[in-house]
Amino acid sequence: MAPSPATSGGRISRRAAVGGGLGAAALGVLVGCEALERKTSTSTGAGTSATPPSSTSTRVTPQPVQTPRGSGEPMPQGDLAGWKQVIAEDFTTDVGVGGFVVGDDGLLTDSCAAHAAYGSRLSGYQDGPTDNGGLYRVARTVSVTDSILDIHTRTDPVTGKLLSAAIYPFRAGQPSNAHTYGRWSYRLRSLDATGTGIICVSLLFPERKQDWPRSGEMDWPECDVSGAVGGNHHPAGYRTNMAEQISGLGLRLRDWHTFTLDWRKGSLSYLVDGITAFSTKTHVPSGSLKWDIQCSPDPARRTLPRNLSAHVQLDWVVAYDPA
């Protein structure tokens, strides 16, 4: 299929620079920049007493099993055939709203709760503007609870601007995840969207702005959080922005889905829940690209409602290098 101008999704900020959650923090969830308390294992249910009842007529009712919160699909662990796992982030430490703060160096501030939990392997964009008039505010929007990272994207009632965040994991020993070729898988959904106007995108794009659009770009998904799954493929080698729209196979972002970008020398595939939605062997990017997840106002909307809100949730993210 010949490249055509992208018709879905907005142009999300591709800032190379590194730059509230679910309401009040639950008991045991860290808030702010002071102490850190790692989440400990809890029982999945209460069984019956080890001592038999004194009377056979006495019926013991088992307590209901407590199902851990999550997406229902565990994070893949270990290498795959032809792939070596290099990133595996399952968000195992709870951090409340305010615990994620990005400093001037683009890293999580070492006095905040998120640094002790994720400082060597996770960061986000510094406070600043998104494309299309939003604001990156990681401290006001990001939290982790029960192994789910939550970005509470919403319009600020004072400024009317959309508050959001961009989050990404590091490669071991590096303050980036940029690499040439690889396989990324991540499980995400949107939750409690109150209307249209918020675009979510998980993407691979260049760290240097001047390399785009020749670098190519992979946006999967890139769609309104309240609607159908969709994406955009930006082929490499063009002086102007070219894109092919990718169908989400009729799926909705409000449901949990596993998205995969399988990027090899000479081939590229976009998958959702193991099904190929798009693949190509032409104009495949061949330079270093980095991954993150971010949100932005829909460029088709001139203004957003002041009560617009949605949670974008990430259960896990893994990455592989060619073996």
Side-chain angles (χ1 to χ4, degrees), residues 1-14 71-73 76 131-132 151 153 166 181-191 193 195-205 212-213 215-238 240-264 266-285 289 291-301 310-320:
M1 180 185 300
S4 58
T7 57
S8 70
R11 298 305 307 149
I12 311 300
S13 174
R14 276 48 168 158
S71 68
E73 181 177 302
D131 283 355
N132 311 319
I151 304 174
T153 303
Y181 308 127
R183 181 181 174 96
W184 286 85
S185 289
Y186 35 94
R187 191 156 175 85
L188 65 88
R189 71 167 178 180
S190 65
L191 180 69
T196 60
I198 301 172
I199 302 296
C200 170
V201 61
S202 301
L203 71 162
L204 283 167
F205 66 107
W212 189 88
S215 61
E217 179 182 327
M218 310 163 205
D219 304 330
W220 188 233
E222 183 178 31
C223 56
D224 194 292
V225 297
S226 67
V229 169
N232 286 289
H233 168 63
H234 302 260
Y238 288 90
T240 58
N241 179 26
M242 306 294 288
E244 294 182 61
Q245 186 176 349
I246 302 173
S247 167
L249 308 178
L251 303 176
R252 309 287 292 186
L253 197 64
R254 68 190 178 202
D255 302 314
W256 284 109
H257 297 293
T258 299
F259 297 89
T260 299
L261 289 166
D262 188 302
W263 176 30
R264 309 168 191 239
S267 71
L268 174 62
S269 296
Y270 295 67
L271 300 92
V272 57
D273 299 331
I275 301 172
T276 300
F278 175 84
S279 63
T280 184
K281 293 184 177 181
T282 63
H283 293 280
V284 174
L289 301 175
W291 182 91
D292 72 32
I293 181 171
Q294 54 182 262
C295 300
S296 178
D298 186 341
R301 300 284 298 270
H311 295 269
V312 174
Q313 298 189 322
L314 184 64
D315 188 6
W316 46 259
V317 55
V318 294
Y320 308 82

List the residues meeting side chain to side chain donor-acceptor pair (under 3.5 Å) with [X], not counting sequence neighbours, and say none if there are none.
X	answer
Tyr320	Gln85
Thr280	Thr282
Thr196	Arg301

Do [X] and [Y] have side-chain heavy atoms sitting under 4.5 Å apart?
X	Y	result
Pro299	Asp131	no
Val229	Trp220	yes
Trp256	Glu73	no
Leu261	Tyr270	yes

>> Enumerate the salt bridge (Lys or Arg N to Asp or Glu O under 4.0 Å) contacts for residues 248-262, please, sequence neighbours excluded, ordered by first and then second residue.
In response: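 Of all non-adjacent pairs touching residues 248-262, those that pass salt bridge (Lys or Arg N to Asp or Glu O under 4.0 Å) are Arg183-Asp262, Asp262-Arg264.
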>> To the closest 0.5 Å, what do you measure between CG (Leu268) and NZ (Lys281)?
In response: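 Going from the CG atom of Leu268 to the NZ atom of Lys281 covers 12.0 Å.
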> Strictly by modelled atom types, are Trp212 and Glu217 linked by a side-chain donor-acceptor pair under 3.5 Å?
Replying inline: yes
>> Just to verify, what does Ala319 make a side-chain contact (heavy atoms from CB on, under 4.5 Å) with, not counting sequence neighbours?
In response: Val86, Ile87, Trp184
> Do the ring planes of His283 and Tyr238 sit parallel (below 30°), tilted (30 to 60°) or perpendicular (above 60°)?
Replying inline: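 Answer is tilted, since the angle falls between 30° and 60°.
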